[in-house]
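A short worksheet on the structure shown next.
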Amino acid sequence: MQALQSSSLRASPPNPLRLPSNRQSHQITNARPVRRQRSFISASASATVSAPKRETDPKKRVVITGMGLVSVFGNDVDAYYEKLLSGESGISLIDRFDASKFPTRFGGQIRGFSSEGYIDGKNERRLDDCLKYCIVAGKKALESANLGGDKLNSIDKRKAGVLVGTGMGGLTVFSEGVQNLIEKGHRRISPFFIPYAITNMGSALLAIDLGLMGPNYSISTACATSNYCFYAAANHIRRGEADMMIAGGTEAAIIPIGLGGFVACRALSQRNDDPQTASRPWDKARDGFVMGEGAGVLVMESLEHAMKRGAPIVAEYLGGAVNCDAHHMTDPRADGLGVSSCIERCLEDAGVSPEEVNYINAHATSTLAGDLAEINAIKKVFKSTSGIKINATKSMIGHCLGAAGGLEAIATVKAINTGWLHPSINQFNPEQAVDFDTVPNQKKQHEVDVAISNSFGFGGHNSVVAFSAFKP
């Protein structure tokens, strides 16, 4: 722990090395001009402190070329971010089932979802929502990466993979199967019970539909899932095992057994009289998280592959890290040691010094212990809070469990692209220890240099990923 706190300031890297001149001719869309890097150490210290080094090999640099989602604010990325910027809450009373007897009766329930044009009618009737969300978000991400429809045939599908994880899997299919077994016997269990309940099937069905033959599996690390998937997907690309990966998370757990399970854990807010203010990260009156659902997916490619096909590059994935608190099934370490070391490893993998980070999309679930544990961890890594803005996407869409990191990564990339940070709403009486600019209640303009997105899950799973604007 002492070693984590006593690390010397490291220099910012100079302007990232440019690609060889023969690659300069490829058109790059949505790229920003190179900005002057800030200096953080004196000239006398520079001789003894090594600057972190970012990846320069175009085969190993990983860029984001597409984003797709299913959310409480719809299935369009731009519309989703506009809702976030406006500070709108997507939380409401649950009407999918009778929740009147539950102590928590609200959540970020998706309404009006349509898979038309993405899933055929037969599968639309059969599939668990968790799988539907994955397929729709994945295909929409490919569309935004200019790989929709027949355009996907232009790439080598043997080197294109899918890694979309989920914390809970096909919970509706599982719940209905158990109910049929108890009430009607084993003969009434659907033959799709096992295939549609297991956590790998979202990635599998998306790949089967699209013919993608690269790395394909799922990761399930509770609410840390999506960032685990981004990290693993990027490493497949860096090792040359894939040119492109569709990665992220999907979740559909707002059903009676899902709600009841989290109620039993005493994890949920019970602010039934005012659901839209129930998710209030860092506020002294927070009383638990709010369940959400959906999917968030990125198309990740090697820079070389993206440039060869003239892809619309929207951001660069710089690096990531995963680890474990090794402390408790559901509670975080109060000192934040697991999280702080995960952040440090992420920055090391990204070739980024702490001083370059000026935006954090926080995990910030609105739980009593978790919110402050994350703040403690951030303070261990970043010695000054003055230049860093943090915000909480969950304040508006709830906690989407395994999909949370995917939806938050999209919000992070949109912040990089637009120069606007969405607010953390419901900031009424903030904890004194949170001496960061949490973008309270109103959006703010902010030019993001390097952003990190945090996700943590039951079991002590920690995952952190870093993004920046793409610079050739």
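- Considering only residues two or more places apart in sequence or on other chains, Ser203 meets the side chain to side chain donor-acceptor pair (under 3.5 Å) condition with none of them.
- Ionic pairing of Arg61 and Glu55 is not present here: no N-O contact between side-chain nitrogen and carboxylate oxygen is shorter than 4.0 angstrom.
- Side-chain atoms of Thr250 come within 3.5 Å of backbone N or O of Cys130 as a donor-acceptor pair.
- Looking at Asn272, its side chain does come within 3.5 Å of a backbone N or O of Pro103 through a donor-acceptor pair.
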**Request:** Please report the C-alpha distance between Asn376 and Asp335 in whole Å, then the side-chain angles of each, then the deciding distance to 0.1 Å, and finally whether the side-chain contact (heavy atoms from CB on, under 4.5 Å) criterion is met.
**Result:** CA-CA 6 Å; Asn376 289 339; Asp335 62 5; over 6 Å; no
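- Listed by chain and number, the residues in a side chain to side chain donor-acceptor pair (under 3.5 Å) with Ser455 are Asn227 (sequence neighbours excluded).
- In terms of the salt bridge (charged side-chain N to carboxylate O under 4.0 Å, His left out) criterion, residue partners of Glu124 (sequence neighbours excluded) are, by chain and number, Lys132.
- Under the 3.5 Å distance criterion, the side-chain polar atoms of Thr221 are left unmatched by any main-chain donor or acceptor of His461.
- By the salt bridge (charged side-chain N to carboxylate O under 4.0 Å, His left out) test, Glu374 pairs with no residue at all, sequence neighbours left out.
- Residues Val357 and Val352 have side chains in contact (heavy-atom distance under 4.5 Å, counting atoms from C-beta outward).
- Not a single donor-acceptor pair under 3.5 Å links the side chain of Arg309 to the backbone N or O of Ile155.
- Looking at heavy atoms from C-beta onward, Val450 lies out of side-chain contact with Phe467 at the 4.5 angstrom threshold.
- Note: Ser463 OG to Tyr228 OH = 6.0 Å, rounded to the nearest 0.5 Å.
- Between Met67 and Val77, the shortest heavy-atom contact is O-CG2, 3.6 Å.
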**Intermediate values then yes/no, side-chain contact (heavy atoms from CB on, under 4.5 Å), Leu142 and Ile246** = CA-CA 8 Å; Leu142 285 173; Ile246 303 170; 3.8 Å; yes
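- Applying the ring pair (Phe, Tyr, Trp, His ring centres under 6.0 Å) criterion to His422, with sequence neighbours excluded, gives no partner residue.
- Between the side chain of Ser226 and the backbone N or O of Gly249 there is at least one donor-acceptor pair closer than 3.5 Å.
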**Request:** Dump the intermediate steps for side-chain contact (heavy atoms from CB on, under 4.5 Å) on Cys400 and Glu293, then the final yes or no.
**Result:** CA-CA 5 Å; Cys400 299; Glu293 58 183 355; 5.6 Å; no
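- Around atom CD of Gln442, no more than 12 heavy atoms belonging to other residues, nucleotides or ligands sit under 6.0 Å away.
- Residues passing the side chain to side chain donor-acceptor pair (under 3.5 Å) test with Ser100, sequence neighbours excluded: Asp98.
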**Request:** Output, in order, the C-alpha distance, side-chain angles, deciding distance and verdict of side-chain contact (heavy atoms from CB on, under 4.5 Å) for Arg286 and Asp371.
**Result:** CA-CA 10 Å; Arg286 67 193 184 280; Asp371 286 12; 3.3 Å; yes
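- Listed by chain and residue number, Asn429, Glu431 satisfy the side-chain contact (heavy atoms from CB on, under 4.5 Å) test with Lys284 (two or more places apart in sequence, or in another chain).
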**Item:** Working for side-chain hydrogen bond (donor to acceptor under 3.5 Å, both in side chains), residues Thr393 and Glu408
**Value:** CA-CA 6 Å; Thr393 307; Glu408 289 159 9; 5.1 Å; no
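- By the neighbour-count criterion of 12 heavy atoms within 6.0 Å, atom CD1 of Ile257 is sparsely surrounded, having that number or fewer from other residues, nucleotides or ligands.
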**Residues Thr166, Glu251; criterion side-chain hydrogen bond (donor to acceptor under 3.5 Å, both in side chains); working and verdict** = CA-CA 6 Å; Thr166 173; Glu251 206 77 85; 2.8 Å; yes
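- Looking only at side-chain heavy atoms (C-beta outward), Leu147 and Ser154 come within less than 4.5 Å of each other.
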**Asked** Where do Thr438 and Asn391 land on the side-chain hydrogen bond (donor to acceptor under 3.5 Å, both in side chains) test, with the steps shown first?
**Response** CA-CA 5 Å; Thr438 61; Asn391 61 4; over 6 Å; no
Please list, one pair per line, the donor and acceptor atoms closer than 3.5 Å that link side chains of residues 180-188 to other protein atoms, with sequence neighbours excluded.
unit_1	atom_1	unit_2	atom_2	d
Asn180	ND2	Glu176	O	3.4
Asn180	ND2	Arg188	O	3.4
Glu183	OE2	Gln179	NE2	3.2

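- Under the side-chain contact (heavy atoms from CB on, under 4.5 Å) criterion, Arg238 pairs with Lys60, Val62, Asn235, Tyr317, Asp349, sequence neighbours left out.
- Arg266 CZ: 12 or fewer foreign heavy atoms inside a 6.0 Å radius.
- A salt bridge does not link Lys140 to Asp76: none of the charged side-chain nitrogens sits closer than 4.0 Å to a carboxylate oxygen.
- Checked against the 6.0 Å centroid threshold, Tyr81 and Phe73 do not count as a close aromatic pair.
- When the shell of 6.0 Å around NZ of Lys83 is examined, it contains 12 or fewer heavy atoms from other residues, nucleotides or ligands.
- The neighbour count for Asp150 CG, taken as heavy atoms of other residues, nucleotides or ligands under 6.0 Å away, does not exceed 12.
- The side chain to side chain donor-acceptor pair (under 3.5 Å) contacts involving residues 206-218 comprise Lys139-Asp209, Thr199-Ser218, Tyr217-His236, where partners must be two or more places apart or lie in separate chains.
- Here Phe192 pairs with Arg126, Ser190, Tyr196 under the side-chain contact (heavy atoms from CB on, under 4.5 Å) rule; sequence neighbours left out.
- Asp156 and Arg158 are joined by a salt bridge, as a carboxylate oxygen and a charged side-chain nitrogen come within less than 4.0 angstrom of each other.
- Distance alone, capped at 3.5 Å, places no donor-acceptor pair between the Glu143 side chain and the Gly138 backbone.
- Under a 4.0 Å N-O distance rule, the pair Arg280/Asp287 does not qualify as a salt bridge.
- Between Lys122 and Asp120, no side-chain nitrogen of the basic residue sits less than 4.0 Å from a carboxylate oxygen of the acidic one, so the salt-bridge criterion is not met.
- Judged as a ring pair (Phe, Tyr, Trp, His ring centres under 6.0 Å), and not counting sequence neighbours, Phe436 has no contacts.
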